[in-house]
Number of protein chains: 2
Amino acid sequence: MLLHLNPSSGVPVYLQLEAQVKQAVAAGALRTGEALPSTRKLAAELRINPNTVARAYQDLERDGVTRSVPGGGTFVADGLPGLLKSEKVKRLRPHARQLAVEGRQLRLTREETLKLLEEELDKLGGQP
Amino acid sequence: MLLHLNPSSGVPVYLQLEAQVKQAVAAGALRTGEALPSTRKLAAELRINPNTVARAYQDLERDGVTRSVPGGGTFVADGLPGLLKSEKVKRLRPHARQLAVEGRQLRLTREETLKLLEEELDKLGGQP
DNA sequence: CATATTGTACTAATACACTAGTACAGTTAG
DNA sequence: CTAACTGTACTAGTGTATTAGTACAATATG
């Protein structure tokens with residue numbers, strides 16, 4: 001696992017962990033069924049409280065990214081439950097709107113903003 | 001002004017105000033030089049404390065969206081200071097990454113995610 | 001000049017976020 | 001079965017965000 005924290009960023013530790021795990025899963029660096037480090041191992045490695053890691057793992061499970069089993073460990077879940085596409089779009093639209101507004105605010109052209117998203121999508125690789 | 005609050009959303013009031021003003025400016029509903037309601041007027045209308053509105057106006061000024069003058073009022077600023085494109089991209093990339101990751105998490109195709117952003121960009125209208 | 005209206009600065013109360021400590025319960029390994 | 005692991009539940013403390021109250025300073029308006 002390649003996890004690094006930025007203690008002075010102001011972003012809560014558990015959110016940093018969640019974002020990095022989500023990103024790793026989305027990019028295919030962590031594959032379905034693969035085990036994440038145990039809460040205590042990761043906590044010791046990062047010098048933080050195990051409960052902080054546990055908090056992140058709980059949120060990830062709530063979001064359907066992982067599956068935690070007491071005594072067993074935490075693993076990358078296989079695909080989200082079948083959400084309706086309309087529901088997916090409903091969840092995603094606020095993020096898209098924010099990107100659009102911020103881009104316009106910075107006087108970027110429509111094409112420049114789209115290009116930026118394309119780059120980030122490409123970084124995640126083709127559908128692995 | 002068309003501002004509506006969602007008290008039960010958990011999102012701080014001043015952030016809701018900032019987002020809506022930014023969106024209105026980006027969409028051209030508020031044009032350069034146009035005056036925003038005074039802190040007290042808007043606060044009275046929304047039944048909140050004037051300082052909460054002031055907080056939002058301060059942040060908007062910090063972000064270059066508006067310009068506040070004591071005794072005068074708060075107005076929509078004209079265009080951002082000339083930021084280097086590299087700096088703009090640096091600010092925007094985290095938003096793009098988040099959208100990309102969330103989209104992948106929901107098993108949306110690259111095209112579907114891009115389409116969503118196009119829609120939101122279109123909602124803001126051609127460069128007004 | 002005088003008065004009302006603007007944004008600003010300061011203080012403060014309340015709530016909640018964040019992290020940590022400790023004990024518990026289930027699973028695996030020997 | 002025992003021991004060492006796993007995640008979970010509960011409590012608790014520290015800080016900070018959020019909002020509000022009040023007084024102040026600058027501008028506009030008559």
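The side chain of B:Ser38 contributes an N or O atom lying less than 4.0 Å from OP1 or OP2 of C:dT6.
To the nearest angstrom, P of C:dA17 lies 12 Å from CG of A:Asp59. As a whole-Å value, the separation of A:Asn49 CG from D:dG7 P is 14 Å. Note: CG (B:Leu60) to C1' (C:dG7) measures 14 Å, nearest angstrom. The nearest whole Å value for the distance from the CZ atom in A:Arg47 to the C1' atom in C:dT19 is 17 Å. Straight-line distance from the CZ atom of B:Phe75 to the C1' atom of D:dA28: 11 Å, rounded to whole Å. The distance from atom CG of A:Leu42 to atom P of C:dA20 is 12 Å, rounded to the nearest whole Å.
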Listed pairs under 3.5 Å, donor-acceptor, residues 32-40 of chain B side chains, sequence neighbours left out:
from    : atom 1 : to      : atom 2 : distance (Å)
B:Glu34 : OE1    : B:Arg31 : N      : 2.9
B:Ser38 : OG     : B:Lys41 : N      : 3.0

Restricting both atoms to N or O, compile the protein contacts to nucleotides 15-18 of chain D shorter than 3.5 Å, with distance only.
from   : atom 1 : to      : atom 2 : distance (Å)
D:dT18 : OP2    : B:Tyr14 : OH     : 2.2

Between the protein and nucleotides 8-10 of chain D, are there any N/O to N/O pairs under 3.5 Å, and if so, what are the atom names and distances?
from  : atom 1 : to      : atom 2 : distance (Å)
D:dA9 : N6     : A:Asn51 : OD1    : 3.4
D:dA9 : N6     : A:Asn51 : ND2    : 3.2

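With sequence neighbours excluded, the residues that form a salt bridge (Lys or Arg N to Asp or Glu O under 4.0 Å) with B:Glu120 are A:Arg93, A:Arg97, B:Lys123. With sequence neighbours excluded, no residue forms a salt bridge (Lys or Arg N to Asp or Glu O under 4.0 Å) with A:Glu87. For A:Arg62, the salt bridge (Lys or Arg N to Asp or Glu O under 4.0 Å) partners two or more places apart in sequence, or in a different chain, are A:Asp59. Every residue two or more places apart in sequence or in another chain that forms a side chain to side chain contact (heavy atoms under 4.5 Å, CB included) with A:Ser9 is listed here: A:Asn6, A:Val11, A:Gln16. For A:Pro12, the side chain to side chain contact (heavy atoms under 4.5 Å, CB included) partners two or more places apart in sequence, or in a different chain, are A:Tyr14, A:Leu15. In this structure, A:Glu61 has no salt bridge (Lys or Arg N to Asp or Glu O under 4.0 Å) partners at least two apart in sequence or on a different chain. Shown here are the side chain to side chain contact (heavy atoms under 4.5 Å, CB included) partners of A:Asn51, two or more places apart in sequence or in another chain: A:Asn49, A:Ala54.
Side chain of B:Arg104 to main chain of A:Gly125: a donor-acceptor pair is present (N/O by atom type, distance under 3.5 Å, no hydrogens or angles).
B:Glu102 and A:Lys22 make their closest contact through OE2-NZ, 4.0 Å (heavy atoms, listed as atom of the first residue, atom of the second, distance).
In this structure, the helix from C:dC1-D:dG30 to C:dG30-D:dC1 shows an angle of 30° between the axis at its start and the axis at its end, each fitted on 5 base pairs and rounded to 10°.
Among residue pairs with one or both ends in residues 65-77 of chain B, those qualifying as side-chain hydrogen bond (donor to acceptor under 3.5 Å, both in side chains) are B:Ser68-B:Thr74; sequence neighbours excluded.
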